[in-house]
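Okay, structure first, notes after.
The basis for the numbers below is simple: all heavy atoms, side chains too, and nothing from hydrogens, waters or symmetry mates. Just so you know, ligand 1 is whichever comes first in the structure, and atom 1 is the first atom listed for that ligand.
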Amino acid sequence: MELAGAIGAEAWLPCATTVASCVIGVFFLLYFYAPHWGVRAVPGPPALPVLGHLPLLARHGPDVFCLLAQKYGSIFRFHLGRQPLVVVADPELCREVGVKQFKSIPNRSLPAPIAGSPLHQKGLFFTRDERWSAMRNTIISLYQPSHLAGLIPTMQRCIERAADAIAAAAAAQDHGDFDFSDLSLKLATDIIGQAAFGVDFGLVVTPASGGGGEAAEFVREHVHSTTSLKMDLSAPLSVALGLVAPPLQGPARRLLRRVPWTADWKVARTNERLRARVDEIVAARARERGGGEGRRRDFLSVVLDARERSEALRELLTPDHVSALTYEHLLAGSATTAFTLSSAVYLVAGHPEVEAKLLAEVDGFGPRGSVPTAEDLQLRFPYLDQASRATPVIKEAMRFYTVSPLIARVTSQQVELGGYTLPKGTWLWMAPGVLARDAASFPEPGAFRPERFDPACEERRRRHPCAHIPFGVGPRACVGQRFALQEVKLSMVHLYQRFVFRRSPRMESPPELQFGIVLSFKNGVKLIADERDDTVA
Ligand code: HEM
């Protein structure tokens, strides 16, 4: 009898194991393919289980989206681990997403690296629906021309300090090269420090200014926190896990942040310190205002003022949101603007015919040291950049190197797009980086040719209005666009009043790019600066 029981158990055990494995297998398949199911009709390459198309992203970088658009057309699927994205790479479809169907697609999807960090999450970028529109309406006046014009003297002071630093570096190194992208990141961060926090970070160091200190430490932490926001498997373990199995991200982060020297531990410590520092600055400013200091016009002070206007605004702009909104300037406004300035100067340095026209325009403005007003920036520099009416160098530089090659959105309800029905919750991303390389809109896309934006040029007249959208499109487009362009234009006018730049022989060609949350130059931009003869301008 006992023997019969044992034989029965022996036969039963493998059978139960097989059934359990099948159940787990089916569960696993359902789990990994559930998000795919709703968008399965959209074309795309076969996706690896768990990893999706992350290996393709690792191999080709952001160029992968151009390759996929060539193969699958203007709307295709890309799997970021388990999460499918529907990528839109056609100007008219981008207009649909950003403008015409905005009511159904008003928010951004939350990428794995951001989940769990209130400092990153509670700014304008990731807030949703009514809170987003209330917050945007409250702060929008800070980005209007009248407010921005008042920032010109502050920007100019930072730019002049950067130019002095370039001159000092050139003299010290006997015309050796220097890393322009490092300098422009410091410059952009100093400007944001003044405009957003009302604090001089003093990152650009000249022999006269001395430098660094506490503020520099703060920004080093910011840079570390930003570069940790990676979108691929080189990210901290919890983020990588979040890409393949989102429910495990939170528990993994809570566990790993306690394990010293893991990437999660380092990011958590950095974020905590950063958070504490931003909160300190906010609290100090609130006290200062209580003490009746003179009115300050930096972003933080204006937002704190707005809080006092009504109970509703106090509820909207909680201390967490004020910190996040202020910090967001560093996140959204420093690396992007710095990259744009670096790529414009790098491209001009390799194109003498463009440089000659630019120098003629800068010299024609007035004697060296003349500082343009906001109106001058609008009207007197058509070759550099003049809203939509001219042949701008900056526009073409932003097309050539698109700093945000992807723009993340998510559907709030079912939408019809490009012949496909996409369910609520679909991650729908626009691809300005692909649009910028499309030969149908930009013939010979690999050529740097500012004239292609000349209003008189046939190429431009034929082009779709949404073919070039480096700042996004529609009500959710970049709120800091004017701020960024004012800064880049002002910088270029002053820098070309004083210098011409050459590419260093130590600089690789073409420059290697890397893709974190935005694009950056992997090995910097090494340039040689020659001071211009005083008699020229
Ligand atoms: C050349 C520099 C910059 C580029 C290329 C850039 C690009 C972008 C892009 C592509 C978006 C997404 C737009 C969309 O979804 O349609 C965006 C959003 C945003 N940008 Fe910028 N940006 C730049 C500079 C700045 C600056 C200087 C600031 C702040 C001072 C800023 C603050 C923001 C904010 C807060 C958002 C979110 C807007 C919202 O969701 O309502 N950006 N930016």
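- Qualifying side chain to side chain contact (heavy atoms under 4.5 Å, CB included) partners for Thr402, counting only residues two or more places apart in sequence or in other chains: Pro432, Ala436.
- Using a 4.5 Å cut-off on side-chain heavy atoms (C-beta onward), Pro445 and Phe400 make no contact.
- A salt bridge links Asp182 with Lys186: at least one charged nitrogen is closer than 4.0 Å to a carboxylate oxygen.
- Phe381 and Phe365 have tilted rings, their planes meeting at an angle from 30° to 60° on a 0 to 90° scale.
- Classification of the His468-Phe453 ring pair by plane angle, with boundaries at 30° and 60°, yields tilted.
- Between the side chains of His494 and Glu160, no donor-acceptor pair is found at a separation under 3.5 Å.
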Mind listing the N or O contacts between ligand 1 and protein, cut-off under 3.5 Å?
from     : atom 1 : to     : atom 2 : distance (Å)
ligand 1 : 15 (O) : Arg108 : NH1    : 2.7
ligand 1 : 15 (O) : Arg409 : NE     : 3.2
ligand 1 : 15 (O) : Arg409 : NH2    : 2.9
ligand 1 : 16 (O) : Arg409 : NH2    : 2.7
ligand 1 : 16 (O) : Val473 : N      : 3.2
ligand 1 : 40 (O) : Arg108 : NH2    : 2.5
ligand 1 : 40 (O) : Arg476 : NE     : 2.8
ligand 1 : 40 (O) : Arg476 : NH2    : 3.4
ligand 1 : 41 (O) : Trp132 : NE1    : 2.8
ligand 1 : 41 (O) : Arg136 : NH1    : 2.7

